[in-house]
Amino acid sequence: MADKVTPRSKDYSQWYLDIVHQAGLAENSDVRGCMVIKPHGYAIWERMQRALDRLFKATGHVNAYFPLFIPKSFLAKEEEMAEGFAKECAVVTHYRLKAEKGRGLIVDPEARLEEELIVRPTSETIIWNTYRNWIQSYRDLPLLINQWANVVRWEMRTRLFLRTAEFLWQEGHTAHATQKEAEDEAHAILMDAYRKFAEEWMAMPVLTGPKSEGQKFPGAVYTLCIEAMMQDRKALQAGTSHFLGQNFSRAFDVKFQNQEGKLEYAWATSWGVSTRLIGGLIMTHSDDQGLVLPPRLAPLHVVIVPIFRKPEERQATCAAAARLAERLRGLPADPWFDYEPIQVKIDDRDQYQPGFKFNEWEVKGVPIRVELGPKDLEKDACVVARRDLPGKEAKLVGIPLAEAPARIAGLLKQIQADLLERAKKFRDAHSYEVNSYDEFKRKIEEPGGFLWAHWDGTRETEERIAAETKATIRCIPFDRPKETGKCIATGRPSAGRVVFAKAY
RNA sequence: CGGGGCGUAGCUCAGCUUGGCUAGAGCGCAUGGUUUGGGACCAUGAAGUCGCAGGUUCGAAUCCUGUCGCCCCGACCA
């Protein structure tokens, strides 16, 4: 039987496509660049949404919804943003079709919109246009709003989850009375929501810090990011939090009266993570057997495969499986699982053999599989297999049924911790301090990874290095060691090392 | 958007060079039976406007033109 997943060593991008397909996460649609997110993929997104939404709400944010369409003139108001997004906007020009004999439906030339609408690539403009009416006094601030939405960026080259023309995300848009408060917000979202979510839910270690001037969001004063390393040693920007200064309040004339009665422009932040995280999740943990999911984001935690030949065996093993499932679901509510019951499925289909089922649930990434057959029942025991340690060797045999629920709950936590630890070790093993441009050029090609190097701080040098090596500055880490030096490319003074990598 | 490759059954592909019977295979799917502790087997069956639109021809999956889509490499980007 041929393997259904191309090994990473043979063809990494084919491996990624195989995982997405075989695990049933998404597929390309008939609309160019747009994907269909399938139930299993969407279930992962729902888990992500829930965890993030709780983090946002816990810090006083509320959800709202703004329109999909943005008048073209709004986008034009903030110059940097207009420039940054102009090249990838979908534009609505008409509001009606008509049926014409022989030609089917055509765009009605008489139904041209007076002002063209663009499909939001991001919502700062329409939101700040709305905030003008919502903000009059310092008492209206801070305004802490998030929206869950889809956005469209007309990309030339797309990859499922990582870059699609339409994607799902959340975008937070906050307004504050002072610069400091806005900067604290951008920082807190990055560290207490995004970094925490990446590490504690996704088990994906991230670097945190500002982007270089050349990599920041159009319209931002500065952009903070979480940056992760994928298994091909390329970097993935996994989330961004922007301090927008007064750029949008000036563009949309959002002023408030401060305590002294003077008018001031409001201070802004915006921040977002998208379905791209699912791509990051895949490329952080999965293996040549298929998807590997961290338990806290897995839609299904445990699959129980009863093993039987004769009808009596089927009856007995399925009954034992049902009892075990009930006990797992009945474990006391645990904040670690968001106070939700452990999700358990019994795979009692009889048209498939156990071996087939094992492989199928492995490719789908279910963290724990329990095997329950006649031989186990004789000993009141079961076999427990961890998805993150595949193969027969790693199976735990003879786990007494009485202890199984507690053992399994403990194992789920252990798996989550081990995945993060493994990913950290991988990243650290592929992070290097480099001190010469020659070494930089060599290492970026082979083996690749995060290169911590000195940089003179100029955009020209970053662009030159990118042109010559394809590596860009991913992050200027908050926690970089205090160490001055000389720029690897120009020899000019550097205030500290920054992280270069090839990126998605 | 530039360079390269590819579009034939749900999936992977053969057939195309050199136009000609009713367009094939494997996997998957349906039905029946035998199986079942790491991707079972046998039998029967359903399933394709050959990406789409023109053209050449007595005749086109096959030749020509255009077009759309997908994959890989660049430029751009979360």
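We name chains A, B, ... by the order of the sequence lines, and we start the count at 1 in each one. Only this structure's heavy atoms are used, side chains among them; waters, hydrogens and symmetry mates stay out.
For a distance-only test at 3.5 Å, the side chain of A/E360 fails to qualify as a donor-acceptor partner of the base of B/rG39. In terms of polar N and O atoms assigned as donor or acceptor, the side chain of A/D376 comes within less than 3.5 Å of the base of B/rG37 in a complementary pairing. No donor-acceptor contact under 3.5 Å links the side chain of A/K392 to the base of B/rG37.
Rounded to whole Å, the separation between the C1' atoms of B/rU31 and B/rG37 comes to 28 Å. Taking atom C1' in both B/rU67 and B/rC27, one finds a spacing of 33 Å when rounded to whole Å. For B/rU62 and B/rA14, the C1' atoms lie 14 Å apart once the distance is rounded to whole Å. Rounded to a whole angstrom, the distance from the C1' atom of B/rC11 to that of B/rG28 is 7 Å. B/rC50 and B/rC63 are spaced 15 Å apart, taking the C1' atom of each and rounding to whole Å. Across the C1' atoms, B/rA43 and B/rG39 are found 22 Å apart, a figure rounded to whole Å. Taking atom P in both B/rG24 and B/rC71, one finds a spacing of 31 Å when rounded to whole Å. Rounded to whole Å, the separation between the C1' atoms of B/rU49 and B/rC42 comes to 35 Å.
Rounding to whole angstrom units, CG of residue A/D18 and P of B/rU12 are separated by 10 Å. In this structure, A/W361 places its CH2 atom 16 Å from C1' of B/rG38, rounding to the nearest Å. What separates OH of A/Y16 from P of B/rC70 is a distance of 16 Å, to the nearest Å. In this structure, A/N28 places its CG atom 15 Å from C1' of B/rG51, rounding to the nearest Å. Nucleotide B/rC70 holds its P atom 16 Å from the CD atom of A/Q14, rounded to whole Å. Across the protein-nucleic acid pair, A/E155 atom CD and B/rC76 atom P stand 12 Å apart, rounded to whole Å. The separation between A/E362 atom CD and B/rG39 atom C1' is 10 Å, rounded to whole Å. A/Y504 places its OH atom 18 Å from the P atom of B/rC76, with the value rounded to the nearest Å.
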Using residues 440-448 of chain A as the side-chain source, report each donor-acceptor pair under 3.5 Å to any protein atom, sequence neighbours left out, with the distance given to one decimal.
from, atom 1, to, atom 2, distance (Å)
A/K443, NZ, A/E439, OE2, 3.4
A/E445, OE2, A/K502, NZ, 3.3

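Counting non-hydrogen atoms under 4.0 angstrom, A/K211 reaches nothing in the nucleic acid. No contact: A/F217 has no heavy atom under 4.0 Å from any strand. No engagement by A/G290 is indicated, since no non-hydrogen atom pair under 4.0 Å with the nucleic acid exists. Counting non-hydrogen atoms under 4.0 angstrom, A/R314 reaches nothing in the nucleic acid. A/V383 comes within 4.0 angstrom of a nucleotide base, judged by non-hydrogen atoms across all strands.
Remark: A/E199 engages A/R195 in a salt bridge, criterion side-chain N to carboxylate O under 4.0 Å. Salt bridge annotation for A/E80-A/K216: present, with a cationic side-chain nitrogen under 4.0 angstrom from a carboxylate oxygen.
Both tests pass for A/R159 against the ring of A/Y16: distance under 6.0 Å to the centre and angle within 45° of the axis.
Residues in residues 271-303 of chain A take part in these ring pair (Phe, Tyr, Trp, His ring centres under 6.0 Å) pairs, two or more places apart or across chains: A/F56-A/W271, A/H61-A/W271, A/H301-A/F337. Screening residues 458-475 of chain A for salt bridge (charged side-chain N to carboxylate O under 4.0 Å, His left out), with sequence neighbours left out, gives A/E227-A/R474, A/R459-A/E463, A/R464-A/E468.
Residues that satisfy the ring pair (Phe, Tyr, Trp, His ring centres under 6.0 Å) test with A/Y504, not counting sequence neighbours, are absent from this structure. Listed by chain and number, the residues in a side chain to side chain contact (heavy atoms under 4.5 Å, CB included) with A/Q22 are A/K4, A/V5, A/V363 (sequence neighbours excluded). Applying the side chain to side chain contact (heavy atoms under 4.5 Å, CB included) rule to A/D192 yields the partners A/A188; only residues at least two apart in sequence or on another chain are considered. A/R369 is linked by a side chain to side chain donor-acceptor pair (under 3.5 Å) to A/E362, A/E371, counting only residues two or more places apart in sequence or in another chain. In terms of the side chain to side chain contact (heavy atoms under 4.5 Å, CB included) criterion, residue partners of A/D287 (sequence neighbours excluded) are, by chain and number, A/R8, A/Q289, A/V292, A/R387, A/P390. Partners of A/F243 according to the ring pair (Phe, Tyr, Trp, His ring centres under 6.0 Å) rule, which considers only residues two or more places apart in sequence or in another chain, are A/Y222.
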Original post:
How would RNA chain B look in dot-bracket form, 5' to 3', counting Watson-Crick and G-U wobble pairs with both distances under 3.5 Å and writing | for bases paired to another strand?
Top reply: (((((((..((((......[...)))).((((((.....)))))).....(((((..]....))))))))))))....
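Note on A/R157: a side-chain N or O is less than 4.0 Å away from OP1 or OP2 of B/rC73.
Only A/Q237, listed by number, bring a heavy atom of residues 226-241 of chain A to less than 4.0 angstrom from any atom of RNA chain B.
Listed nucleotides B/rG38, B/rG37, B/rC71 differ in distance to A/K375; the shortest reach to its side chain belongs to B/rG37.
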All N/O contacts under 3.5 Å from nucleotides 32-36 of chain B to the protein, with atom names and distances to one decimal?
from, atom 1, to, atom 2, distance (Å)
B/rU36, OP1, A/R309, NH1, 3.3
B/rU36, O4', A/Q353, NE2, 3.2
B/rU36, O2', A/F308, O, 3.3

Subject >> Stepwise ring-ring contact (aromatic ring centres under 6.0 Å, His included) test for A/H187 and A/F478 >> reply: CA-CA 11 Å; A/H187 195 274; A/F478 286 133; 4.9 Å; yes
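The line from CG of A/L281 to CD1 of A/I19 is 11.5 Å long, rounded to the nearest 0.5 Å.
Both A/A503 and A/L377 lie near RNA chain B, and the one whose nearest nucleotide falls closer to the 5' end is A/L377. Comparing A/K470 and A/S13 by the nucleotide of RNA chain B that holds the closest heavy atom to each, the one mapping nearer the 5' end is A/S13.
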